[in-house]
Structure formats: structure tokens, C-alpha cells
Amino acid sequence: MSLALTATLAMLVQQAFATFTRGVVPVLAPPIGAELGIDPSHAGSYTALAAAAAMVGTVGVGGFLRRYGGFRVSQVSLAIAGLGVALGAPAGVIAIAVGGFLVGLGSTVSTPASSHVLARVVPRRQQPLYFSIKQTGVPLGVAMTGALAPAFAAVAGWRGSLGLCALLCIVLAILLEPWRARCDTDRDPAAALGLSAVGETIRSAWSPGVGTITAMAICYVGLQFVHTTFIVVFLVEAQGRSLAAAGGLFSIATLVAIPGRILWGWLGGRFVAPRRLLAGIGFGTAAAFGAMAMLPASASDLIVLGALVLNSATVMAFHGLMLAEVARLSPPGRAGSVTGGVLFFAQIGQIVLPPLFGLVALATGYRIAWAVFALPAVVMGAWLWREPRS
């Protein structure tokens, strides 16, 4: 259990820093755009490029995990993401774009790497809780981005901020080294790294039992990014709130995802089958989207915050349960590879659902869009509930 706790905390920290790297350039988009002569809205293109790179990383990481181990891959992924952040500091737009690809590649690989480690060292009964604790690194990383990147920029400018953020990642990668020998004892020097490993990773995402979780990941991850992309826009455009007020409500509600993930993991490890909880999260997401659809323009901040908290407690808090369930269904030593396959397809939801929501909102208004996008969550929840838990 000492090794399990140590590995979980180490993977939580590396997950936080990996997530941190994804938001540094978007947060610094205004000063970067002012100096380089580009519109800050191009931060969306940076995010899309990082998502495309994430698909490459998740589908190709399986062989590397088996050959080098999850801790080593975590260290390398932090170094790659840090390099991607630093690449834009001395150069211009093209270097920032190339850096965005590296950031997407490195930051996303951290998730299957941590699953590979925890699936081996954490007892199976505790995996829902420990995986959920590890995944609190994601909202923690988002909070770190909002706090550190602007603070560094105030002291050293945006270029200096990029360099300092990158340096933090490199330092952490080095600090993980003492635990590598204890946690990477399953290395297989003969593990394949070529196209055969990629094909095996893709097929593993649709193996019996795992296929349902993959479909769920496409749906839930897509709805998660609908939530994070459009909440502030909705509160400003449809609710008439100021940008500062909308951003404040969103930030406060997002913090709920941290205890929410731990709560679902604790329940899934002791009292309720994780798949049933994941089904309930689908129903809760549908209720949250329905609440957004019914919010009147005159709703108080407290009512709006309640609706946002329901979103954060559901569609922002399922990840640890999902990863633990994937690890449970994976062949021994293959949790990281199978996780990479699931996350590869999950990126499809991230790429497809937010633009579709935008089109529906443009054609019919935000209220109808929220109601329409509650339907996939209901369908997915019902599918998970009816499927045999074995």
C-alpha cells in the first residue's frame, strides 16, 4: 500500500503538470497576440492542433509503455510537453504551432502512462478511488495554469513565462527518477513499437466490455468539452452577465470536480459497481444540461451556480471511474495500452460535439441546444445501466 500511495501521488502531480502545459499558451494569448500581431482567438486553433497530436500520442504509446515502463514514459511526456511550451518563447507563430503539437502529444500520453503504473501497483478493489484521486490532477492543473502563467508573465513577460512553465515540467521529470526503478519493474525490452502495436491499441478499445466504455468516453468527453467551451459564452450571450461574472461562476463551480471525482471513486471502490455509477453520471449530465436549458435570464447567481455545480459533479468528474474500469477490463500489463486506445477515440468526441453544439445553438438558440445535447447522455446512461456488469 505504501508503493500504491507513492505512485498515486506521483502520478497525480505529473497529471497536474501535464494538464498545466495545455493551457499556458491559450491563457497568455492576449499578450502573445498583441506582440506577434495575431488575433487571440487563434488560441482555438492551438487547442485543436494539440487535440490532433493527442490522438497520435494515445494510439502510439502502448508499445513504449510495455518496453520502457509507465514512469519513464511519464518523465518523457513531461519533457516533451515542456519543450513544446518553451519552443514559442524565443520565436514566433510557427514555433508556437509546432510547440502546440508537442504539448498535445506529451500532455495526453501522461494519462495512459499513469494508468499503466497504477493498474499494477494498486489493489484492484482500491483502483476506482486511487484512479479518481490521481485524476484530480486535471482540475488542479487547470487551476495552476490560471494562477502561474499570468503571474510569471507579470514578472518576466510572456516569453519568460513560457520558459519558466517549461522549466517546472523538466524539473518534475527529473524529480520522478528515484521512484522509477520500483514502479517500472514490468519492462519488456522486446515489446513491439511499430504499426502492429498501433493496430493492437486501436483494436483493444473495442474488445468485449471495453467497447462500451469507449463509446461512453466519446460521448462524455465530447459533452465535457461542450460544457467547458460554451458555459461562459452562454452566460454572457444568453444570460446577459459580464465576462468577469461568468468566468467567476464557472471557476468556482469547476472546483467541485475535485471532491466529486474522489467521491465517485470512493463509492465505486466500496459500495456501487463503477459501471452503474457511470450510468448515473450520464443521467446526472442530462439533468445538468436540462437545468441549463431551463435557466431564465433573470436567474440569480446562486441558481446559476447550482446548475454549474451539477455539471461539474457529473460530466467533469467521471474520469477516474472510467480509467479504473478500463484497467479492470484490460489484460495483465496492458492497462496503459488499452487506455491509450480508449482515449484515442475519446478525442473524436472532443473534436466533433462542441462544433455541433455551436451549430445547433446558432440555428435554434442556446436553450434548445442544451436540451438536445442532454439526449446523448440519457442514451449512454441507459446503455451502461442495462449492460451486464461482468
**Report entry** Electrostatic pair Glu325-Arg328, nearest N-O below 4.0 angstrom
**Finding:** yes
Query raised in the report: Is there a side-chain contact between Leu140 and Leu12, using heavy atoms and a 4.5 Å cut-off?
Result: yes
Query raised in the report: Is the ring centre of Phe373 less than 6.0 Å from the ring centre of Phe357?
Result: yes
Query raised in the report: Who pairs with Arg67 by salt bridge (Lys or Arg N to Asp or Glu O under 4.0 Å), at least two apart in sequence or on another chain?
Result: none
Query - Set of side chain to side chain donor-acceptor pair (under 3.5 Å) partners for Thr339, sequence neighbours left out - result: none
Query - Side-chain heavy-atom pair Ile281, Leu321 within 4.5 angstrom cut-off - result: yes
Query - Distance (rounded to the nearest 0.5 Å) between Leu223 CG and Asn311 CG - result: 9.5 Å
Query - Spatial distance of atom CD1 (Ile213) from atom CG (Leu384) [nearest 0.5 Å] - result: 5.5 Å
Query raised in the report: About how many Å separate CG of Leu36 and CD1 of Ile96, when rounded to the nearest 0.5 Å?
Result: 5.0 Å
Query - Qualifying ring-ring contact (aromatic ring centres under 6.0 Å, His included) pairs with a residue from residues 72-124, counting only residues at least two apart or across chains - result: none
Query - Ser107 backbone acceptor or donor facing Ser110 side chain under 3.5 Å - result: yes
Query raised in the report: Side chains of Arg22 and Thr108: do they bring a donor and an acceptor to under 3.5 Å?
Result: yes
Query raised in the report: Is the backbone of Gly33 close enough, under 3.5 Å, to the side chain of Trp158 for a donor and an acceptor to pair up by distance?
Result: no
**Report entry** Distance, nearest 0.5 Å, that separates NE2 of His227 from CE of Met316
**Finding:** 5.0 Å
Report task. Tell me, with the steps shown, if Val210 and Ser204 meet side-chain contact (heavy atoms from CB on, under 4.5 Å). Result -> CA-CA 8 Å; Val210 179; Ser204 70; over 6 Å; no
Report summary line: Rounding to 0.5 Å, atoms CZ (Arg275) and CH2 (Trp383) come to a distance of 10.0 Å
Report task. For Thr8 and Ala4, indicate whether the former's side chain and the latter's backbone hold a donor-acceptor pair under 3.5 Å. Result -> yes
Report summary line: Residue pairs meeting ring-ring contact (aromatic ring centres under 6.0 Å, His included), one or both in residues 295-350, sequence neighbours left out, come to Trp206-Phe345, Tyr220-Phe318
Requested in this report: Any salt bridge (Lys or Arg N to Asp or Glu O under 4.0 Å) involving residues 132-158? Give me the pairs, sequence neighbours left out, ordered by first then second residue.
Outcome: none
Requested in this report: Write out all pairs satisfying salt bridge (Lys or Arg N to Asp or Glu O under 4.0 Å) with one or both partners inside residues 284-311, taking only residues at least two apart or from two chains.
Outcome: Arg241-Asp301
Report task. Look only at the side chain of Gln75 and the backbone of Ala173, and say whether a donor-acceptor pair between them is shorter than 3.5 Å. Result -> yes
